Amino acid sequence: MPRLLLKFESQLLREIPIGTRPLTIGRAPDSDVHIDNLAVSDNHARVFAEGDRLVIEDLLSLNGTYVNDARVERVALRDGDTIRIGKHELQLDTAHETSAGEAGGSANLRKAPAPKINETAVLDTQQQRELMRQTAAAGVAASAGRSSRADQLRQATLRVLRGRTDRPEYLLAGKLTVIGNSKLASIRLLGWFAPPVAAQINHRDDGYYLGLGDRIPKINGQLIQGPTRLQDGDVIQVGRVRLLFSVQD
């Protein structure tokens, strides 16, 4: 079964099998390929089978759809073609061999491998729950033996400056910190309109990175477009909540 490889800055985020029905791409939450980025229109483009070929069609998007760096309205795709939508890329792989569990056409269209714990991705609801479940189990192991001496000496914290949360301050101890109103979120946002996963913070070897969730967060008043490294003293804003990021020796 052919598939699309969703990438951001060369990092693989998702693998999306292409089934028998059209595959929608956009910022709308019900898109088959959901890309939460201001450069992406709600209904940006779609990929569908036409005879024995795959076709991509731009749906009158504001910023356009590009195939191999050329803006297109409607064009047939070939194996290896790169589709650029906003700052994200979708690479077509028609040589992918699927397992029996993946076969089934449109019924399995949204199925994708669970992302790694230290990977920032645009996630659907099922993946969010699975990722947070894995994080709860992995947090203990990560703090037990995988941190270097430098990591042990440097503690990152978030202090609430404004807004409703379940605690005034948080220690970022695990590889992934989820900000939202889900019961499994590391930082619980309170209020009726707080999303389950508003944003994410990934702890990588070279520092802490703020990533997108159901909302586009701000760092020091500026919207981010993708995973952005945090600096000591940065102010993160998610909705009405403002958090001060600190790293202390």
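Numbering of residues begins at 1 and proceeds along the displayed sequence. This structure is a prediction, so every number in the text was calculated from the model and none was measured.
- For Arg162, the CZ atom sits in a packed shell: over 12 heavy atoms of surrounding residues, nucleotides or ligands are nearer than 6.0 Å.
- In this structure, Arg204 satisfies the cation-pi test against Tyr209, with its NZ or CZ atom closer than 6.0 Å to the six-membered ring centre and inside 45 degrees of the ring normal.
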With side-chain contact (heavy atoms from CB on, under 4.5 Å) as the criterion, how do Glu50 and Arg74 come out once you've worked through the C-alpha distance, each side chain's angles and the decisive distance to 0.1 Å? CA-CA 12 Å; Glu50 187 177 76; Arg74 189 176 189 272; 2.3 Å; yes
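- With sequence neighbours left out, Arg27 forms a salt bridge (Lys or Arg N to Asp or Glu O under 4.0 Å) with no residue at all.
- The salt bridge (Lys or Arg N to Asp or Glu O under 4.0 Å) check on Arg167 picks up nothing, with sequence neighbours excluded.
- The neighbour count for Arg164 CZ, taken as heavy atoms of other residues, nucleotides or ligands under 6.0 Å away, does not exceed 12.
- Within the model, atoms CZ of Arg159 and CZ of Arg242 stand 11.5 Å from one another, a figure rounded to the nearest 0.5 Å.
- Taking the six-membered ring where tryptophan is involved, the planes of His203 and Tyr208 are essentially parallel, since the angle between them stays under 30° and well short of 60°.
- Other residues sharing the hydrophobic cluster of Phe48, ordered by chain and number and joined by side-chain separations under 4.5 Å: Val55.
- Within 6.0 Å of CD in Glu73 there are 12 or fewer heavy atoms belonging to other residues, nucleotides or ligands.
- At least one side-chain heavy atom of Leu158 sits less than 4.5 Å from a side-chain heavy atom of Ile236.
- Within a 6.0 Å sphere centred on CZ of Arg229, heavy atoms belonging to other residues, nucleotides or ligands number more than 12.
- Ile216 is connected to Val238 through a chain of hydrophobic side-chain contacts under 4.5 Å among Ile, Leu, Val, Met, Phe, Trp and Tyr, so both are in one cluster.
- Under the 4.0 Å criterion applied to side-chain N and carboxylate O atoms, Arg46 and Asp58 are not assigned as salt-bridge partners.
- Two different hydrophobic clusters hold Tyr66 and Val33 under the rule that ILVMFWY side chains link at heavy-atom gaps under 4.5 Å.
- Here the side chains of Ile18 and Leu92 are in contact, with some heavy-atom distance below 4.5 Å.
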